[in-house]
Amino acid sequence: QSALTQPASVSGSPGQSITISCTGTSSDVGGYKFVSWYQQHPGKAPKVMIYDVNNRPSDVSNRFSGSKSGSTASLTISGLQAEDEADYYCCSYTSTKNYVFGTGTKVTVL
Amino acid sequence: EVQLVESGGGLVQSGGSLRLSCGASGFAISTCWMHWVRLVPGKGLEWVSRIHGDGYEINYADSVNGRFTISRDNAKNTLFLQLNSLRAEDTAVYYCASQRWLQGSSFDIWGQGTMVTVSS
């Protein structure tokens with residue numbers, strides 16, 4: 001199972017919006033609604049930011065939103081803040097009953 | 001408070017073995033899927049394995065299949081990962097995570113991680 005494809009890095013100024021893409025196949029992202037996004041700060045455990053494509057946990061800011069079109073999922077962060085600087089990973093269930101993570105995206109707040 | 005705490009990591013030579021543990025508190029692991037995920041230095045997160053609440057179903061990533069074994073002791077509320085035939089590329093921080101389906105399919109609770117270093 002190959003990792004889902006994400007851009008290595010995305011940057012933006014405070015207040016701006018950025019979008020991170022996550023491209024898979026019909027055997028993972030394109031075939032299921034079970035796509036989630038995780039934020040990871042250095043030395044910390046991952047934290048779920050979006051689950052099942054476009055659902056947000058109650059403790060996550062509404063500046064985070066998710067969507068999917070075909071085999072590509074996306075995470076949008078609006079009103080970018082300094083605390084959003086972290087690594088972000090998408091994750092999808094697969095047809096082989098496994099899970100696969102994306103290659104990861106480093107978000108930098110300029 | 002719901003919590004997962006991993007232990008058992010360390011430095012091991014190539015070809016060696018380790019057993020990781022993940023103790024849960026605040027919820028029963030028998031009620032959910034439990035997973036192992038690793039953070040490979042310079043690469044990113046990699047899903048490793050999962051086990052159903054009753055242990056009935058188990059799945060592994062191709063990269064560890066045949067070398068790693070996931071198990072659970074519901075009475076002790078503890079998850080395990082036996083790592084055999086270790087290779088340098090298994091060097092990573094290993095996390096356990098729960099999938100309680102309270103937040104859809106996401107891995108909602110994570111441990112702090114335990115470092116495994118395989119020397120060649």
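Note: hydrogens, waters and symmetry copies are ignored here, and every other heavy atom, side chains too, is used. Below, chains carry the letters A, B, ... as their sequence lines are ordered, and counting in each starts from 1.
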Which atoms of Val48(B) approach chain A - backbone, side chain, both or neither, heavy atom under 4.5 Å = neither
When hydrophobic residues are tied together by side-chain contacts of less than 4.5 Å, even through go-betweens, does Phe101(A) share a cluster with Ile70(B)?
-> no
Are Trp37(A) and Trp47(B) connected, step by step, through hydrophobic side chains (Ile, Leu, Val, Met, Phe, Trp, Tyr) whose heavy atoms are closer than 4.5 Å?
-> no
Common cluster, Ile20(A)/Val35(A), ILVMFWY with side-chain heavy-atom separation under 4.5 Å = yes
Does Val29(A) share a hydrophobic cluster with Tyr89(A), counting links as ILVMFWY side-chain heavy atoms below 4.5 Å and allowing steps through other members?
-> no
Name the option with the most non-hydrogen atom pairs under 4.5 Å to chain B; the candidates are Lys33(A), Gln1(A), Gln40(A).
-> Gln40(A)
Backbone N or O of Tyr60(B) within a donor-acceptor pair of the Asn98(A) side chain at under 3.5 Å?
-> yes
Distance-only, no hydrogens or angles: does the Asn55(A) side chain make a donor-acceptor pair with backbone N or O of Gln103(B) under 3.5 Å?
-> no
Heavy-atom pair of closest approach, residues Cys91(A) and Phe107(B) = SG-CE1, 4.1 Å
Could you grab the distance from atom CG of Leu45(B) to atom OH of Tyr88(A), nearest 0.5 Å is fine?
-> 13.5 Å
Heavy-atom pair count under 4.5 Å with chain B, highest-scoring of Tyr51(A), Tyr32(A), Phe34(A) | Tyr51(A)
Ile109(B), part contacting chain A, at a heavy-atom distance under 4.5 Å = neither
Contacts of Glu89(B) that satisfy salt bridge (Lys or Arg N to Asp or Glu O under 4.0 Å) - sequence neighbours left out = none
Rounded to the nearest 0.5 Å, what's the gap from CD on Gln112(B) to NZ on Lys44(A)? Could you check?
-> 11.0 Å
Counting only heavy atoms not in Lys47(A), do more than 12 fall under 6.0 Å of its NZ?
-> yes
Where do Ser105(B) and Asp52(A) come nearest, in terms of heavy atoms and distance?
-> OG-OD1, 2.6 Å
Can a donor-acceptor pair be found between the side chains of Gln99(B) and Tyr99(A) at a distance below 3.5 Å?
-> yes
Within 6.0 angstrom of Glu83(A) CD, more than 12 heavy atoms from elsewhere = yes
Taking all non-hydrogen atoms of both residues into account, name the closest pair between Gly111(B) and Ala45(A) and its distance.
-> O-CB, 3.2 Å
Under a 4.5 Å side-chain heavy-atom rule over Ile, Leu, Val, Met, Phe, Trp and Tyr, are Ile58(B) and Phe68(B) clustered together?
-> yes
